[in-house]
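Notes follow once the structure below has been shown.
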Amino acid sequence: MPELPEVEVVRRGLERWVAGRTVDAVEVLHPRAVRRHAGGGADFAARLTGETFGVARRRGKYLWLPLAEREMSVLGHLGMSGQLLVQPEDAPDEKHLRIRVRFRDGAGTELRFVDQRTFGGMSLHESVADGTDGYEEGLPDVIAHIARDPLDPLFDEAAYHLALRAKRSTIKRALLDQSLISGVGNIYADEALWRAKLHYERPTATLTRPRSTELLGHVRDVMNAALDAGGTSFDSLYVNVNGESGYFDRSLDAYGREDEPCRRCGTPMRRRPWMNRSSYFCPRCQRPSRAAS
DNA sequence: CCGGCGTCCTGGGGGC
DNA sequence: TGCCCCCAGGACGCCG
């Protein structure tokens, strides 16, 4: 389940293995993998052929490859189970291979998008300036609404706090709202809330500025720890751009630890159904406030 | 306008 | 053993 740290590991792989290479041919093997591309698979392949990739960029869980000679970018999202692999051209196709990008150089490798559950995909979009960065970053127009992520030096912390105070929502919802702060998924939300000793249904409007600053610090800490470890991997579905599995799950304090002792106080951790998914928390360290159930 | 929920998808696992 | 149902969840669309 790739979140920001895993996507960043993939971005680094793309920067190293794909930047500067020119596309020779593209094969779209599953239409759902390009469902976000307006013209469909054939159009995606035709438009990409002959183009040269720039340096991969990332915002939250989205990553994109700017085209060197156009104000356009190839947008990628890994969804739940997506992988971007740089493989030898003669390596056998993966079972869930969805898109293949061949290159014109003689490097002997190709880029593959592999995705079992097909929540992810690739698509080509116009680039747009967002007011702070220029066209050279190639931000795809369709993700202009995605907020900067907490590891971005230009993340607007003051605006984030103001938005939290203004919302009539709860903290975990707000952490997962990609238009407020991007890159946080279910796993790191639970981890950061556990570290901050905050209940997932704490109303955002009750968070003081110091408290929300502290939470943000925990979000950054848990993401940086995962980055240092090379990305989190839970079910071997996630593999980085070179096909190496991440590792980090041993370090999780909350996610997936139902009935296991809290690493702070020993109380059995709980799992609660929440928004068609789960929230893991310590019932003692993370007490709900009066307004929450 | 915005919060909240349904939907997409597939393989693994649990229960009967 | 085999089958069925549930579960995982990111992001978007729609409803109230």
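All chains are named by letter (A, B, ...) in the order of the sequence lines, taking the proteins before the strands, and each is independently numbered beginning at 1.
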Requested in this report: Taking all non-hydrogen atoms of both residues into account, name the closest pair between R209(A) and A158(A) and its distance.
Outcome: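 Smallest interatomic distance, heavy atoms only, reads NH1-CA, 4.1 Å.
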Quick check for you: among [options], whose closest atom lies nearest to any side-chain atom of [X]?
X: R32(A); options: dC12(C), dC8(B), dG9(C); answer: dC8(B)
X: H96(A); options: dT10(B), dA11(C), dG9(C); answer: dT10(B)
X: Y255(A); options: dT10(B), dC12(C), dG9(C); answer: dG9(C)
X: M275(A); options: dA8(C), dG4(B), dG11(B); answer: dG4(B)

Report task. Look at the rings of Y160(A) and F155(A) and say which category their plane angle falls in: under 30° parallel, 30 to 60° tilted, over 60° perpendicular. Result ->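 Tilted: the ring planes of Y160(A) and F155(A) meet at 30° to 60°.
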Query raised in the report: Hey, does the side chain of R173(A) come within less than 4.0 Å of dG4(B)'s phosphate (OP1/OP2), counting only N and O?
Result: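 Yes, because at least one side-chain N or O of R173(A) sits under 4.0 Å from OP1 or OP2 of dG4(B).
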Query raised in the report: Going by 5.5 Å between centroids and 30° between planes, is there a stack of F119(A) over dA11(C)?
Result: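 Not stacked: fails the 5.5 Å / 30° test.
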Report task. Name the nucleic acid region contacted by N276(A), choosing base, sugar-phosphate or nothing; use a 4.0 angstrom heavy-atom cut-off, strictly under. Result ->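 Touches a base.
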Query raised in the report: When we call it a touch if two heavy atoms are under 4.0 Å apart, what does R35(A) touch: a base, just sugar-phosphate, or nothing?
Result: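 Result for R35(A) = nothing.
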Query raised in the report: Ignoring hydrogens and angles, does a donor from either the side chain of R277(A) or the base of dG10(C) sit under 3.5 Å from an acceptor on the other?
Result: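 Yes, a donor-acceptor pair under 3.5 Å.
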Report task. Inspect the contact between R12(A) and E15(A) and indicate whether a charged nitrogen and a carboxylate oxygen are less than 4.0 angstrom apart. Result ->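 No, E15(A) and R12(A) are not salt-bridged.
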